[in-house]
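Here is the structure we will look at.
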Amino acid sequence: GTVVPINGTVSDIALDERRNVVWAANFSAYRIEQVYIPNQTLLAPLSVPMPPSAVALSPDHRFLVVGEYQKPDPELLSTNPFAPGTGGYTLFDLDAGLRYDVNLNSPVLAVAFGSDGNALILTRTPAVDPENPGPLTNLFVLQPFPYHTLTPIVSIPVQSVDLPVPFVRFPTQIGQATAGVSGDKNTIMMLAAALVDAAATSSTSILIRYDVPTQTATAEEFTQKPPP
């Protein structure tokens, strides 16, 4: 493949075949880079208010959901430049040219779209939709259309690292979570850290399986050990 230089650190990508671009979440630059595939150049990026930790594109290529980590706190720059217990997401309607910025009380670790056109969102700690208060959970389903709604699913204990971190840390060592979707998009798998682990060396993880047709989630903790 061809290397396309990006100034920053990329935490996640989403392929947009309709527009011939790759959306790349630039964690340190607070924006989503738009990499044009035919000539490997950068088009105009999409800015976001917080470090983007995850990105996902809807099956119809209309909606782009960006998970965001922790909010900069100007009042605490001398001691802690990022406010604890913050995070959120931005929903871009790429066809209509609209965006919706939503603040949550927790960093977003992973996002993924299923076959129903809705996005699964995992936060570190239980949070609540400020526009539709409900039970505290950290696994949500986001319905982007026809009405922008966030539905709580279940609470699953997961961990990640607070900002700031040393320069040698990469986004995957901060959020410590990832998502994958089956070929038919009926199953979403998310892998997250089970323990507080600043060095990102723990072998204990949480595997979350979400069944899209039934909107149910299961989780199990497992330990992976190096071979003897």
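One-based numbering along the sequence shown.
Inspection of the T125 and N138 side chains reveals no N or O donor paired with an N or O acceptor under 3.5 Å. For the residue pair T218 and R209, no side-chain donor N or O sits within less than 3.5 Å of a side-chain acceptor on the partner. A donor and an acceptor atom, one from each side chain of T137 and S155, are nowhere located under 3.5 Å apart. Side-chain atoms of Q176 and D197 form no donor-acceptor pair, as typed in the model, at a separation below 3.5 Å. A donor and an acceptor atom, one from each side chain of T223 and S203, are nowhere located under 3.5 Å apart.
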Chi angles and distances behind the side-chain contact (heavy atoms from CB on, under 4.5 Å) call for I206, I156: CA-CA 9 Å; I206 294 287; I156 300 172; 3.9 Å; yes
Using the rule given for side-chain contact (heavy atoms from CB on, under 4.5 Å), can you reason through Y89 versus L104, listing the C-alpha separation, both sets of side-chain angles and the distance that settles it, and then say yes or no? CA-CA 8 Å; Y89 66 89; L104 298 174; 4.1 Å; yes
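Here the options are N26, L64, T90, the test is side-chain contact (heavy atoms from CB on, under 4.5 Å), and the partner is I32; only L64 passes.
Between the side chain of S182 and the main chain of T187, a donor-acceptor pair closer than 3.5 Å is present. The backbone N or O of P52 sits less than 3.5 Å from a side-chain atom of S11, completing a donor-acceptor pair. No donor-acceptor pair closer than 3.5 Å links the side chain of R31 to the backbone N or O of P45. Using modelled atom types, no side-chain atom of S106 and backbone atom of P126 make a donor-acceptor pair closer than 3.5 Å. The main-chain N or O of G8 is never found under 3.5 Å from a side-chain atom of S28 such that the two would form a donor-acceptor pair.
Every residue two or more places apart in sequence or in another chain was checked for a salt bridge (Lys or Arg N to Asp or Glu O under 4.0 Å) with D60, and none qualifies.
I6 has its side chain within reach of L42: a pair of non-hydrogen atoms, C-beta onward, lies under 4.5 Å apart. Side-chain contact between F113 and K185 is absent, with no heavy-atom pair separated by less than 4.5 Å.
The pair R62-D93 meets the salt-bridge criterion, since a charged nitrogen lies less than 4.0 angstrom from a carboxylate oxygen.
The minimum heavy-atom distance linking R19 with L94 is given by the pair NH2-CB, 3.2 Å.
Classification of the Y100-H148 ring pair by plane angle, with boundaries at 30° and 60°, yields tilted.
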